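Before any comments, here is the structure.
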Amino acid sequence: MQQKNRVILLHGLHQTAWIMRPLAKRLQKAGFNTHQYGYRSMRDSINTNSAHLNAWLEKHHHPDQPVDLVGHSLGGLIVRDFVTQYPEWQIGRCVTLGTPHVGSICADYIWRLTPAMMGRSYIDALDGTVAPLPEHITLGVIAGSQPYGLGQLFLHYHNRKLHKLGKPLPKEQLVHDGTVYVAETKIEAASDHIVMPVSHTGMLVDKEVAEQTRYFLEHGQFKRETLNN
């Protein structure tokens, strides 16, 4: 039986490594060797966090062994920056969960109102200016469609604002996970993209999200027959 790649899991903004534990445990049961990588989401820039991840791998992982990367929200943007800045690593497959690949409307509002709440996570990351995904990277994107969370207050305001300006979003573009619009998670370079009935944080403890993550890491595509959306 072929040995599975080591999986590095990266949390999102205002979170710590422990929040990735439920997903990590489910992947471990499937035979993956996982590591919940913690980083300073507000204090350090995306480039600094990529550099720290590279330094950690240099110390703890052999460069001849492929590694898989799974990132939630901001963590997914760090994955993108890392695979661009450090192409010497053998990257197997990557999965992002609720990651705003084209930028975050919610983050835009928070940045303008209280930039201290965003720290250094906005510039070159949540503002939608992360480097393009390298062609050789196999990326699977999971988005959520259950609108739970404080972020939806900003999204509702944004929707009303556009409606008053006579520029309402089409119905299909209003779907979000409480923080990130489904449309914000889409990136043309991705190998696959699915939408699941989960919220932005709830996706981290959802067993079906874990199963889809596992399946993509093993097959390079999502398990379509189990989807109801």
Side-chain angles (χ1 to χ4, degrees), residues 5-24 26-27 32 34-42 44-54 56-57 61 66-86 89 91-104 106-107 120-122 124-134 137-144 177 179-180 182 184-187 189-194 196 198-206 209-210 212-217 220 222:
N5 296 342
R6 189 178 201 177
V7 182
I8 309 300
L9 299 103
L10 291 86
H11 59 83
L13 180 64
H14 300 145
Q15 298 173 340
T16 57
W18 69 266
I19 202 167
M20 304 298 288
R21 181 168 175 76
L23 177 56
R26 288 188 168 109
L27 291 177
F32 287 97
T34 70
H35 175 74
Q36 298 153 230
Y37 180 78
Y39 65 95
R40 296 180 294 193
S41 64
M42 293 181 62
D44 292 335
S45 68
I46 187 172
N47 299 127
T48 298
N49 282 317
S50 290
H52 288 169
L53 175 57
N54 179 65
W56 185 90
L57 286 170
H61 189 79
V67 61
D68 294 336
L69 300 168
V70 176
H72 175 240
S73 198
L74 175 63
L77 298 179
I78 294 175
V79 167
R80 279 182 56 189
D81 185 75
F82 172 79
V83 297
T84 301
Q85 300 298 330
Y86 302 96
W89 290 100
I91 306 298
R93 291 172 179 138
C94 303
V95 175
T96 60
L97 311 170
T99 293
H101 286 289
V102 298
S104 167
C106 185
R120 297 185 178 179
S121 67
Y122 184 76
D124 296 329
L126 293 171
D127 62 354
T129 60
V130 180
L133 189 74
I137 297 298
T138 302
L139 172 67
V141 176
I142 298 179
D177 63 8
T179 301
V180 175
V182 169
E184 293 175 327
T185 68
K186 295 182 178 180
I187 176 173
S191 300
D192 205 350
H193 180 286
I194 56 172
M196 302 188 69
V198 291
S199 66
H200 193 66
T201 302
M203 64 179 65
L204 296 178
V205 297
D206 187 85
V209 170
Q212 288 288 357
T213 300
R214 177 202 67 79
Y215 194 87
F216 187 90
L217 293 179
F222 292 116

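For clarity, every value in this text was computed on a predicted model and none was experimentally measured. In this chain, numbering begins with 1 at the start of the sequence shown.
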Tell me, please, which residues at least two apart from Asp44 pass salt bridge (charged side-chain N to carboxylate O under 4.0 Å, His left out). Arg40
Rounded to the nearest 0.5 Å, the CG atom of Leu69 sits from the OG1 atom of Thr96 at a distance of 11.0 Å
Tightest non-hydrogen contact, residues Phe216 and Phe222, listed as CB-CE2, 3.7 Å
Search all heavy atoms of Ala107 against all heavy atoms of Leu126 and return the closest pair with its distance. CB-CB, 3.9 Å
Pair Leu53, Leu10 - check side-chain contact (heavy atoms from CB on, under 4.5 Å), show working. CA-CA 10 Å; Leu53 175 57; Leu10 291 86; 4.2 Å; yes
Run the side chain to side chain contact (heavy atoms under 4.5 Å, CB included) test against Asn5 and tell me which residues pass, sequence neighbours left out. Pro66, Asp68
Could you give the distance from CG (Asn47) to CD1 (Ile78), rounded to the nearest 0.5 Å? 10.0 Å
With a 4.5 Å heavy-atom cut-off, do Leu77 and His101 have their side chains touching? yes
Between Tyr86 and Leu57, is there a side-chain heavy-atom distance shorter than 4.5 Å? no
Any donor-acceptor pair under 3.5 Å linking the side chain of Ser41 with the backbone of His14? yes
Once rounded to the nearest 0.5 Å, what's the spacing between atom CH2 of Trp56 and atom NE2 of His35? 4.0 Å
Where His72 and Leu97 come nearest, the two heavy atoms and their spacing: CD2-O, 3.2 Å
Candidate pair Asn54 and Gln85, rule side-chain contact (heavy atoms from CB on, under 4.5 Å), full reasoning: CA-CA 9 Å; Asn54 179 65; Gln85 300 298 330; over 6 Å; no
With a 4.5 Å limit on heavy-atom distance, are the side chains of Ile137 and Ile91 in contact? yes
With side chains defined as the heavy atoms from C-beta onward, is the minimum distance between Thr213 and Ile142 less than 4.5 Å? yes
Give me the atom names and distance for the closest heavy-atom approach of Thr99 to Gly76. OG1-CA, 3.4 Å
Could you check whether any side-chain heavy atom of Leu9 comes within less than 4.5 Å of a side-chain heavy atom of Leu27, counting everything from C-beta outward? yes
Minimum side-chain heavy-atom gap Val130-Thr84 below 4.5 Å: no
Residue pair Cys94 / Val83: nearest heavy atoms and the distance that separates them: SG-CG1, 4.5 Å
Counting C-beta onward and ignoring hydrogens, is there a side-chain heavy-atom pair between His193 and Val182 closer than 4.5 Å? yes
Are His11 and Tyr39 near enough that their ring centres are under 6.0 Å apart? yes
side-chain contact (heavy atoms from CB on, under 4.5 Å) between Asp177 and Val198, worked out: CA-CA 7 Å; Asp177 63 8; Val198 291; over 6 Å; no
Can you tell me if Gln36 uses its side chain to pair, donor with acceptor, with the backbone of Met20 under 3.5 Å? no
I'd like to know if the side chain of Thr129 pairs up with that of Asp127 as donor and acceptor (distance under 3.5 Å, no hydrogens or angles considered). yes
Determine whether Ser73 and Thr179 make a side-chain contact, defined as any pair of heavy atoms from C-beta on separated by less than 4.5 Å. no
Any donor and acceptor pair, going by atom type alone, linking the side chain of Arg120 with main-chain N or O of Ile46 inside 3.5 Å? no
Once you round to the nearest 0.5 Å, how far does CG of Leu23 lie from OG1 of Thr34? 8.5 Å
Any side-chain to backbone donor/acceptor pair from Arg93 onto Val70? Under 3.5 Å, distance only. no
List the atom of Leu13, the atom of Ser121, and the distance in Å for their closest heavy-atom pair. CD1-OG, 3.4 Å
With Arg21, which residues qualify under salt bridge (charged side-chain N to carboxylate O under 4.0 Å, His left out), at least two apart? none
